[in-house]
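First comes the structure, then the notes that go with it.
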Amino acid sequence: MSRRDRRIVEVRTLGYQSSRAGYGTSASAGDAYGPYLEVPQFIPVSGDRFLFRLCGAVVAPGERCRVLGYKFTSLIARTFSVQVDGDQWPYKIEREVVSPMWAFPDGNITYYLRRIPMRQYIPPAVNFPPSVQYGLGGTDSALLALTYDPVARVYTPPAGGQPDGDPIAGLDRIKDQPGVWIDTTDCSDYVDGPCAIVAYADLKQSNSAERPFLPLANYPTGTLAQGLRPEDQFLLVWGEPPINNTQYSGVAAGLRLEYVNKEGSP
């Protein structure tokens with residue numbers, strides 16, 4: 001197999017950033033997209049978990065592909081409302097989750113890597129905001145929904161909240177997020193096109209108004225506080241009474257994929 005028969009592709013999350021809509025994220029007019037998907041700051045009245053398609057890629061007929069590595073990332077944040085020239089703007093104090101097994105007491109994230117057969121998909125005309133899409137079809141980054149109304153706290157995921165497709169080499173239901181690239185060369189098999197390889201996440205948002213919290217009298221101080229994981233330190237500073245509104249604010253993934261031709265490939 002020659003080097004021309006092999007190519008490495010990296011795909012990452014790209015999501016609309018509502019806080020950047022006023023001035024954009026690049027020189028391209030109207031570009032307000034950044035490296036993660038925003039997590040809705042409400043608890044669905046139905047109790048459903050949010051289902052995200054983080055990123056994906058198509059494997060064409062005649063190609064084979066395997067996952068060389070993956071990375072999952074999430075953000076937690078305290079969001080303020082600030083006034084600028086008479087208008088109210090959101091201002092986030094964010095913290096990337098870097099501890100592999102950390103989660104809110106009442107919230108968590110599960111990640112999936114899936115192989116999806118190629119199907120003809122024509123999405124219906126639904127008036128959703130940017131980076132929110134109807135149903136399961138596609139490979140781009142989006143919150144997936146059947147119904148979505150953040151004002152009324154209405155959200156229903158497609159397929160009962162289950163990601164589409166089949167697990168890839170056991171890389172499924174990953175419940176910790178290392179925040180670094182994980183090499184999967186030794187455990188990920190090639191999959192044959194036509195298909196798509198997609199990273200999903202389902203997320204239970206923390207209910208900051210009702211979740212368990214540490215009483216102020218029991219807050220660690222000094223060296224005890226310094227020994228806490230950075231996410232717990234952030235939560236104690238920004239997310240407990242009297243503020244008590246820190247939640248998941250973003251989620252993202254990256255995939256490194258190796259493509260080869262079926263003829264003469266391993």
According to side chain to side chain contact (heavy atoms under 4.5 Å, CB included), who are the partners of [X], at least two apart in sequence or on a separate chain?
| X | result |
| --- | --- |
| A159 | L136 |
| L224 | P220 |
| A253 | T13, L54, C55, F72, A199 |

Quick one: name the residues clustered hydrophobically with V151, using the 4.5 Å side-chain heavy-atom rule over I, L, V, M, F, W, Y, and just say none if it's on its own.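 Direct or chained contacts put V151 with none.
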
Taking the hydrophobic residues Ile, Leu, Val, Met, Phe, Trp and Tyr, and joining any pair whose side-chain heavy atoms are under 4.5 Å apart, which ones share a cluster with Y16?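 Listed partners: L14, Y33.
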
Within 45° of the ring axis of F234 and under 6.0 Å from its six-membered ring centre, is that where the NZ or CZ of R95 lies?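 Judged by the rule, R95 and F234 form no cation-pi pair.
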
Kindly confirm or rule out a cation-pi arrangement of R211 over F213, judged by NZ or CZ under 6.0 Å from the six-membered ring centre and within 45° of its axis?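 Checked: cation-pi criterion not met.
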
Determine whether the side chains of [X] and [Y] contain a donor N or O and an acceptor N or O closer than 3.5 Å.
| X | Y | result |
| --- | --- | --- |
| T110 | K175 | yes |
| Q162 | D202 | no |
| S249 | E38 | no |
| R7 | N261 | no |
| Q247 | S206 | no |

Taking the side chain as every heavy atom from C-beta outward, state whether [X] and [Y] have any pair of such atoms under 4.5 Å apart.
| X | Y | result |
| --- | --- | --- |
| W181 | R256 | yes |
| L257 | I197 | yes |
| P40 | L143 | yes |
| Y155 | S46 | no |
| L75 | V97 | no |

Centroid separation Y248 to F104 less than 6.0 Å: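 Distance test on ring centres: under 6.0 Å, yes.
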
Inspect the contact between D172 and R114 and indicate whether a charged nitrogen and a carboxylate oxygen are less than 4.0 angstrom apart.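 Salt bridge present between R114 and D172.
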
Pair listing, salt bridge (charged side-chain N to carboxylate O under 4.0 Å, His left out) test, anchored in residues 156-167, at least two apart: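 Every salt bridge (charged side-chain N to carboxylate O under 4.0 Å, His left out) pair that includes a residue of residues 156-167, provided the two are not neighbours, is R119-D164.
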
Tell me whether the rings of F42 and Y148 are parallel (<30°), tilted (30 to 60°) or perpendicular (>60°).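 Rings of F42 and Y148: tilted, as their planes differ by 30° to 60°.
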
Can E10 and K71 be said to form a salt bridge (Lys or Arg N to Asp or Glu O under 4.0 Å), step by step? CA-CA 11 Å; E10 186 172 302; K71 179 181 180 180; over 6 Å; no

